[in-house]
Amino acid sequence: MTVRVRFAPSPTGYLHLGAARAALYNYLYAKQTGGKFLLRIEDTDLARSTAESTRSILEGLDWLGLHHDEEVVFQSDNAEKHRAIAKKLLAEGKAYRDFTPKEETSDKTVKEAIVERARKVDKNMRDNPYRVLAVEESDARAANGEPFAIRLKVAETGKTVFEDEVYGLQEREYSDTEDLVLLRSDGHPLYNLAVVYDDIEMEITHVIRGQDHLTNTHKQILIYQALGATPPTFAHLPLILAPNKGKLSKRKHGEVVSLTTYRDAGFIPAAFRNFLALLGWSAGEEKEIYSLDELIKRFSLDHIHRSNAVFNFQEHDPRHWTDDKAMWMNAEYIRAMPLGELLPLVKSELKSSKLWREEYEDDEREWFERAIDLIRHRFFTLKDFSAQGRAYFSEDYDFDPAAIAKNLAKFPDLRDWLPELADRFEPMESFTEPEIETAVKAFTEEKGTKLGITMNGARTLLTGVAVGPSMLSVFETLGKEKTIMRLRSQVAWN
RNA sequence: GACCGGUUCGUCUAGGGGUUAGGACACCGCCCUUUCACGGCGGCAACACGGGUUCAAAUCCCGUACCGGUUACCA
């Protein structure tokens with residue numbers, strides 16, 4: 001049997017990191033087994049679902065490179081079938097009409113109300129009088145136009161059992177599961193019914209999802225049984241938590257939770273995918289960097305963790321705004337990935353910063369590649385190419401005040417010396433590292449100063465920042481013309 | 001409250017009866033160097049607690065604590 005898995009987000013917001021990881025694991029499992037990775041948008045909650053959210057989810061998956069194998073399924077398209085199946089269960093006596101009037105709850109307090117109600121009484125799940133209402137009366141009241149919800153009739157005794165690929169054997173007494181509502185009194189199908197029906201229709205073989213669904217799974221198994229269908233294999237994933245071990249939510253934690261944040265912050269998709277893969281799973285070896293192919297090859301459900309993982313970031317520290325390891329991994333990718341794969345990413349970053357010039361792919365292609373290869377070693381994100389690296393692509397770059405203070409202001413002599421150094425460069429035929437080195441050393445000696453003072457002064461003037469690769473490489477990469485011009489410029493001093 | 005699940009360095013994790021409990025990130029130190037957030041070397045740092053079982057427990061069993069999930073006519 002061919003493996004068919006699905007990622008089934010509800011389009012009520014951005015793509016959450018936990019959801020993105022679930023999508024990734026589904027994808028890896030499908031690819032590893034030669035199966036299909038499907039996508040279903042669970043938009044049955046019309047009030048909260050938005051097209052904007054659907055688009056953002058699709059974009060996020062695309063960015064991570066998780067392409068689905070078949071057409072996207074929109075759950076709302078199946079609403080009619082969901083209703084029909086609920087009615088079928090009703091007709092078969094496996095479900096019953098509940099004429100209890102719907103409780104009006106204000107959206108905000110629902111959660112609290114539920115918890116409150118639940119903790120008060122240890123309620124009997126089978127005491128609903130409509131559960132045992134005579135069919136004739138039920139039919140009559142329905143015919144009379146009285147509104148009703150359809151509930152699944154869960155047996156009094158017994159238990160649901162399934163073997164979870166991650167958490168092992170799971171059992172739950174029927175008495176702990178309520179007669180769940182399948183169809184709302186307004187005819188709207190509910191989540192558990194819709195999911196089961198769609199998973200059957202899509203011929204899903206493995207359901208891989210967050211462990212917040214662990215109790216839903218018991219309910220869903222009941223529906224599978226009522227429908228006479230064989231449940232798929234289940235694998236539940238640990239959750240991704242905030243540093244305080246609480247829920248990671250946009251409301252509380254803001255943009256760090258959203259996948260698109262990372263795209264917009266200049267992350268390399270492969271790097272972030274790599275990071276996500278390792279948050280809750282490991283191949284059991286001392287290795288951190290995995291290509292997509294390696295992940296596909298090594299992934300296995302039984303190496304998924306059972307404990308939740310903390311996504312470690314410090315809200316108020318810009319230096320650690322996201323998980324350090326994610327940032328490190330991105331830097332690692334930037335400096336170690338094949339230059340050919342990095343170039344297009346840098347190109348689009350420069351384009352969006354209006355720093356891109358077509359010559360970089362044409363006459364100046366060689367220069368461009370060398371420059372990128374030179375500066376990438378100290379960068380963390382693609383943004384650094386247009387920010388810290390700006391001086392390589394534009395004359396219009398800023399000077400870091402700290403760099404000026406440290407490397408220029410402290411040595412007033414440099415104000416005259418650096419233009420003089422430019423004069424020294426002027427007649428040079430060949431402007432490559434060895435010649436530059438000889439010139440700078442001779443100049444520094446004449447002035448009776450230290451090499452570091454000249455070099456760092458020049459660095460600040462030429463690049464605007466205090467950090468970077470070897471200054472000799474910088475001179476050579478920038479070229480004689482720009483070097484001279486910038487050494488003579490006085491803007492940094494003003 | 002009830003049901004379910006979890007607990008190895010600050011974080012991600014390896015290990016699953018006998019290990020100096022390994023790696024990565026972060027942090028700190030030293031080295032390299034014209035600077036540095038590159039690189040090299042090193043350091044700090046963990047088996048939640050209590051009982052069992054066993055010659056031997058981080059590892060198996062029970063309990064406790066703590067954390068998380070669920071408990072909707074949300075998904």
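Letters go in sequence order (proteins before strands), and every chain restarts at 1.
Put simply, S185(A) has no side-chain N or O that comes within less than 4.0 Å of OP1 or OP2 on C73(B). One finds no side-chain N or O of K102(A) lying less than 4.0 angstrom from the OP1 or OP2 phosphate oxygen of A72(B). Contact between the side-chain N/O atoms of H213(A) and the OP1/OP2 oxygens of C4(B) is not found at any separation under 4.0 Å. The phosphate of A37(B) has neither OP1 nor OP2 within less than 4.0 Å of any side-chain N or O from R319(A). Side-chain nitrogen and oxygen atoms of H303(A) include none within less than 4.0 Å of the OP1 or OP2 phosphate oxygen of U13(B). Distances shorter than 4.0 Å separate none of the side-chain N or O atoms of R209(A) from OP1 or OP2 on A75(B).
Of the listed nucleotides (A2(B), A24(B), C36(B)), C36(B) has the atom at the smallest distance from the side chain of K406(A). Nearest nucleotide to the side chain of E288(A), out of A72(B), A24(B), A37(B): A24(B). Distance from the side chain of Y167(A) is smallest to G6(B) among U35(B), C74(B), G6(B). You'll find that the side chain of N312(A) is closest to G10(B), out of G10(B), G69(B), U35(B). Side-chain proximity of A309(A) to the nucleotides C12(B), A26(B), U34(B) is greatest for C12(B). Nearest nucleotide to the L190(A) side chain, out of G22(B), A26(B), C74(B): C74(B). Among the nucleotides C25(B), A75(B), U35(B), the one closest to any side-chain atom of K325(A) is C25(B). For W328(A), taking side-chain heavy atoms from C-beta onward, the closest of the listed nucleotides C73(B), G6(B), C25(B) is C25(B). When distances run from any side-chain atom of F380(A) to the nucleotides A37(B), C38(B), G69(B), the shortest one goes to A37(B). Across C27(B), U11(B), G68(B), the shortest atom-to-atom separation from the side chain of H320(A) is found for C27(B).
With P as the reference atom, A46(B) and G40(B) are 26 Å apart, rounded to whole Å. For the C1' atoms, the distance linking G43(B) with C67(B) amounts to 31 Å, nearest Å.
Checked by distance alone, S470(A) brings a side-chain donor or acceptor within 3.5 Å of a matching partner on the base of U34(B). Judged by atom type and distance alone, N216(A) reaches the base of A75(B) through a side-chain donor-acceptor pair under 3.5 Å. Taking 3.5 Å as the limit, the base of C3(B) and the side chain of T215(A) contain no donor-acceptor pair of atoms between them. Taking 3.5 Å as the limit, the base of C74(B) and the side chain of R48(A) contain a donor-acceptor pair of atoms between them.
Nearest heavy-atom pair, T444(A) versus T454(A), reported as atom, atom and distance to 0.1 Å: OG1-OG1, 3.1 Å.
Protein atom CD1 of I304(A) is 16 Å distant from nucleotide atom P of C12(B), rounded to whole Å. For the pair L241(A) CG and C12(B) C1', the computed distance is 13 Å after rounding to whole Å. Nucleotide A75(B) holds its P atom 12 Å from the CG atom of L182(A), rounded to whole Å. Atom P of nucleotide C25(B) and atom CD of E286(A) are separated by 12 Å, given to the nearest angstrom. If you take NE2 of H236(A) and P of G6(B), they are 14 Å apart, rounded to a whole angstrom. Going from atom NZ of K441(A) over to atom P of U34(B) covers 7 Å, rounded to whole Å.
A salt bridge is absent between R97(A) and E146(A); no separation between the charged side-chain nitrogens and carboxylate oxygens falls under 4.0 Å.
Below 30°, between 30° and 60°, or above 60°: for F267(A) and Y262(A) the angle between ring planes is above 60°, a perpendicular geometry. Ring orientation note: the planes of F275(A) and F272(A) are tilted relative to one another, at an angle of 30° to 60°.
Heavy atoms from other residues, nucleotides or ligands lying under 6.0 Å from CD of E445(A) number 12 at most.
With hydrogens and angles left out, the side-chain atoms of Y333(A) and N274(A) include a donor and acceptor closer than 3.5 Å. Neither side chain, Q170(A) nor D164(A), offers a donor N or O lying under 3.5 Å from an acceptor on the other.
Counting non-hydrogen atoms under 4.0 angstrom, T44(A) reaches the backbone sugars and phosphates but no base.
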